[in-house]
Amino acid sequence: MRTEGSWALPRSERGGVLALLVGLLLTGCATLPTPPGSEAFYQQRAHRRELALRWGARPSAPPRLAQRIEPGEVEPPCGPLPQGWPQHADSDEELLVPLLGCPSVGAYLALQRDVDMALLVERLDDWSAVQLGTLGPLVDAQASRTLVAKRASFLLQASRDYGAYAQVFALFIVHTSFDDELEQLLLLLAKDKELSQTLGHMEAVRQELERRGLKLAAFPERAEQRSDVLRGLGKAAADALNSSAVSQGARYANMAAHLQQLPPAYQQAAWALERALAAEHFSPANTALGAFDQLTFGVPLGFYQLGVGTAHGLGELVQRQYEQATRELAPAALLVALYAQGKAARSLGRAGGVGARLSLPELRLEVLRNIAWQMTERLGVEGVGELARYMRASREAAVLVGAGGERAAVALWEAQGNVARAQAWLAEASSERPGVPEPKAAAGTLGAMAALVDEAAGLSAEVLKAKLQWAELEAQGPRLPGDVALLKKLHATLSSPPPGVPEGYALWEEYRAYRQARLTELEQGQAAQGPLRWEAYEQMRGAFARGLAFERAMVELLYADARLPRAQRQWLQDFHHPRIETHVGLSKPGIPGVRYADVLVIEEQPPAGQSPRVETFSFKSRYFALLEGDALNAQMTTDARAALDSYGGTVDIRRPSIRLSATVQRVRLVYEGGMLLPQKRGDLKTAMGKAKTKVPGVEILVR
């Protein structure tokens, strides 16, 4: 293998080369540089590069970032697409720009289905195809085979032209390829009797391949053929031509340009290799190049974004959360987040005076952290690592998850990486009830349950606990499985709060206690369903707090109404002397448990010989803004039936000051209005009418 030492120039030429090459490497633009020559030059260039890295040197024209995308928003498509793309694209850059503009893996996969990707990949040169392979899996199998062939072609050329530096590019290809693609690549090189001549000399690459379960010994090369003699003569002739200074300079300039398009981690590895080569060239005793541990950083599958600090940031998060986190967990969680509908901002910068220039896409770390935490919450630390390995092993698995998001990721995990089984599971499984997406309260704004206790209003800790249990029971957000063994494994996710949640947040501590209590209930057979996931619990608690505020406002309104002359009352006209009680415990004959009515109104001075009139109120702060049609009808009917079952008919009043059995004459279900109501008010009126018809005895109102 050719080393950088073979590119040395006569000492008289080194001074000019030094000035030229330093300028080129720091500015990122250049004509053809000549290769390095002196020890002083090596040391000075390495020092300048380290300074640039330490102080975060940036291109002169920073890329424009895409508009912020929050979790839950509809992601934009890849576009707008140039007219006539890709048929009329005249360059590799024009072919790649629309693909680089995709905001997520899912959008990237969707765009591919409208394009002849096999033809597109065929039109790209080898290096552009390698870059395309970093964006995600190719949907079309033929396009994938074409990509593998171009990766092999690039490796062969890099091995001939870049010497020891080819190892850096080989690792980049390994890290950005799926296991089944790597197997095809090794088979292709072995079939052409090029495997030992390329990857066989690269110790770091062999180690990384073995870590992925691919040993070069398992890919025997074909036997010698007569054509190999002619190929050997051709290589010898090419080596002779490449020995000229002009050829060496051109190849070095080409390599430097490619290096600048690699993520920073690979650039750092190349700089470390350069220092090692310099030491070897000028110090005969130092002949070992090292094991290149800095190269095998465990990235299972990379986008360009992996080199923009994202893996490091996610790694800090993981290490903070899980003491048992392994070296691979951070990139594994990043990989899962990218594919499970994690939104990524991609950028396209313009270099002044030279037209469009492709730049590295950048990830929205905050969004990916949330996605990674949610997947870890659902699958656990080990589960996320397993899922990442399944996705890395198969291009088809990555396509499944990229197109199907979190549900597909969970299906692949449950199918233990079997794509066909996961697809069958997705086809048969009933969709998870997501419920109505409640407006999310700002992190840190929901206080502890103790702050909601109001003994004067009858809202004791016991009553509050019972009402919260009822709210949790009817919550329709996503839940974790009621599997005791799995929940115990997922306990590690509770060691620290999710991204964006402040330390010491009372609601997070409440959620941890809730999870432990639900686990205990499941162990004892007292619960039928698993706990709500964190976001669903947070939404439920936000709606619960909003409901209590609406309830307090309605109670004040009823007290004010009771003080008015009977003829002027809006709510309590049927009472002579109404007595308003809040959070009253009610039990019903033959039905276990106690229900707490939001408000019970009883006649204090009933006519002689008659039982006192009793009415109950149930207040709901329900987010109806996104409901319509049958969904709205079903929700209102369910609420009306629950109010009648809990607070209607014959009840035993369990308040010490009012011990009696009574028949409730009227149950009123009152919804909070305003911004919570559906946009189509006609749908609201229709739903109220249908609920009254199906559940007679309940009056439905909106306030």
#### Entry: Check against side chain to side chain contact (heavy atoms under 4.5 Å, CB included), L188 and Q184
CA-CA 6 Å; L188 190 61; Q184 294 177 37; over 6 Å; no
Side chain to side chain contact (heavy atoms under 4.5 Å, CB included) for R378 and V410? Distances and angles first, verdict last. CA-CA 8 Å; R378 187 162 184 172; V410 174; 3.5 Å; yes
Original post:
Less than 4.5 Å apart, any side-chain heavy atom of E396 and any of V399?
Top reply: no
(Q) Is it the case that the side chain of E208 and the backbone of L171 share a donor-acceptor pair, with hydrogens and angles ignored and the cut-off at 3.5 Å? (A) no
Q.
I'd like to know whether S159 forms a side chain to side chain contact (heavy atoms under 4.5 Å, CB included) with M202, so could you lay out the CA-CA distance, the side-chain angles of the two residues, the decisive distance to 0.1 Å, and finally the verdict.
A. CA-CA 10 Å; S159 298; M202 302 178 183; 3.8 Å; yes
Rounded to the nearest 0.5 Å, the CG atom of L109 sits from the SG atom of C102 at a distance of 9.0 Å
- Side chains of R421 and W425: closer than 4.5 Å at any heavy-atom pair? no
Q) Side chains of Y537 and M540: does their closest heavy-atom pair fall under 4.5 Å? A) yes
Q.
Quick check against the 3.5 Å criterion: does T134 have a side-chain atom that pairs as donor or acceptor with the backbone of Q131?
A. yes
Note to self: Could you tell me if the side chain of D161 sits less than 4.5 Å from the side chain of M255, heavy atoms only?
What the structure shows: no
Nearest heavy-atom approach of P98 to L81 is CB-CD2, 3.6 Å
Quiz prompt | 4.5 Å side-chain heavy-atom contact, L186 and L209 | solution = yes
Correct closest heavy-atom pair for A190 and P220 would be CB-O, 3.7 Å
For D180 and S394, the nearest pair of non-hydrogen atoms, with its separation, is OD2-CA, 3.5 Å
Tell me whether E221 contacts the main-chain N or O of S196 through its side chain, where contact means a donor paired with an acceptor under 3.5 Å.
yes
What one should report as the nearest heavy-atom pair of Y165 and A270 is CE2-O, 3.7 Å
d(L147 CG, L120 CG) to nearest 0.5 Å is 11.0 Å
So, do L214 and F219 sit near enough that their side-chain heavy atoms are less than 4.5 Å apart? yes
Rounding to 0.5 Å, atoms NZ (K489) and CG (L487) come to a distance of 11.5 Å
CG (L490) and CZ (R515) are apart, to the nearest 0.5 Å, by 6.0 Å
| query | In terms of ring plane angle, is the pair F169 and Y162 parallel, tilted or perpendicular, where the classes change at 30° and 60°? | reply | tilted
- prompt: Any idea how W127 and F172 line up, ring-wise: parallel (<30°), tilted (30 to 60°), or perpendicular (>60°)?
  reply: tilted
### Task
For the pair T198 (side chain) and L195 (backbone), establish whether a donor and an acceptor sit closer than 3.5 Å, ignoring hydrogens and angles.
yes
Is any NZ, NE, NH1 or NH2 atom of the basic residue among E406 and R533 found under 4.0 Å from an Asp or Glu carboxylate oxygen of the other? yes
For the pair S153 (side chain) and A149 (backbone), establish whether a donor and an acceptor sit closer than 3.5 Å, ignoring hydrogens and angles.
no
Scanning both residues in full, the closest heavy-atom pair of E386 with W413 reads OE1-NE1, 3.1 Å
### Message
For the residue pair Q207 / E203, report whether a side-chain donor-acceptor contact shorter than 3.5 Å exists.
### Response
yes
| message | Using modelled atom types and a 3.5 Å cut-off, is there a donor and acceptor pairing between side-chain atoms of E194 and backbone atoms of L156? | response | no
Output yes when E94 and R123 qualify as a salt bridge under the 4.0 Å nitrogen-oxygen rule, no when they do not.
no
Interatomic distance, CG@L111 vs CH2@W85, rounded to 0.5 Å, equals 4.5 Å
Chi angles and distances behind the side chain to side chain contact (heavy atoms under 4.5 Å, CB included) call for R479, R518:
CA-CA 12 Å; R479 294 177 179 270; R518 182 52 52 88; 3.9 Å; yes
message = When you measure from the side chain of Q112 to the backbone of V139, do you find a donor-acceptor pair of N or O atoms at a distance under 3.5 Å?
response = yes
Only one of L124, L95, D92 passes side chain to side chain contact (heavy atoms under 4.5 Å, CB included) with L132, and that residue is L124
Taking every heavy atom of G200 against every heavy atom of R206, the minimum-distance pair comes out as O-NH1, 2.5 Å
> Do other residues, nucleotides or ligands put more than 12 heavy atoms under 6.0 Å from Q416 CD?
Replying inline: no
| said: Between R395 and P137 (side chain of the first, backbone of the second, donor and acceptor by atom type, cut-off under 3.5 Å), is there such a pair? | reply: no
Would you indicate whether the side-chain heavy atoms of S177 and L185 approach each other to under 4.5 Å? no
Evaluate the criterion side-chain hydrogen bond (donor to acceptor under 3.5 Å, both in side chains) for residue pair S144 and E181; output intermediate values, then yes/no. CA-CA 8 Å; S144 176; E181 291 178 332; 3.2 Å; yes
Y390 meets the ring-ring contact (aromatic ring centres under 6.0 Å, His included) criterion, sequence neighbours left out, with none
message = I'd like to know if D179 and R212 make a salt bridge, using a cut-off of under 4.0 Å between side-chain N and carboxylate O.
response = yes
Quiz item: Tell me, do R151 and L155 make a side-chain contact under 4.5 Å, heavy atoms counted?
Solution: no
Between the CD atom in Q476 and the CG atom in L532, the distance rounded to the nearest 0.5 Å is 11.0 Å
*Y511 (side chain) donor-acceptor with W534 (main chain) under 3.5 angstrom*: yes
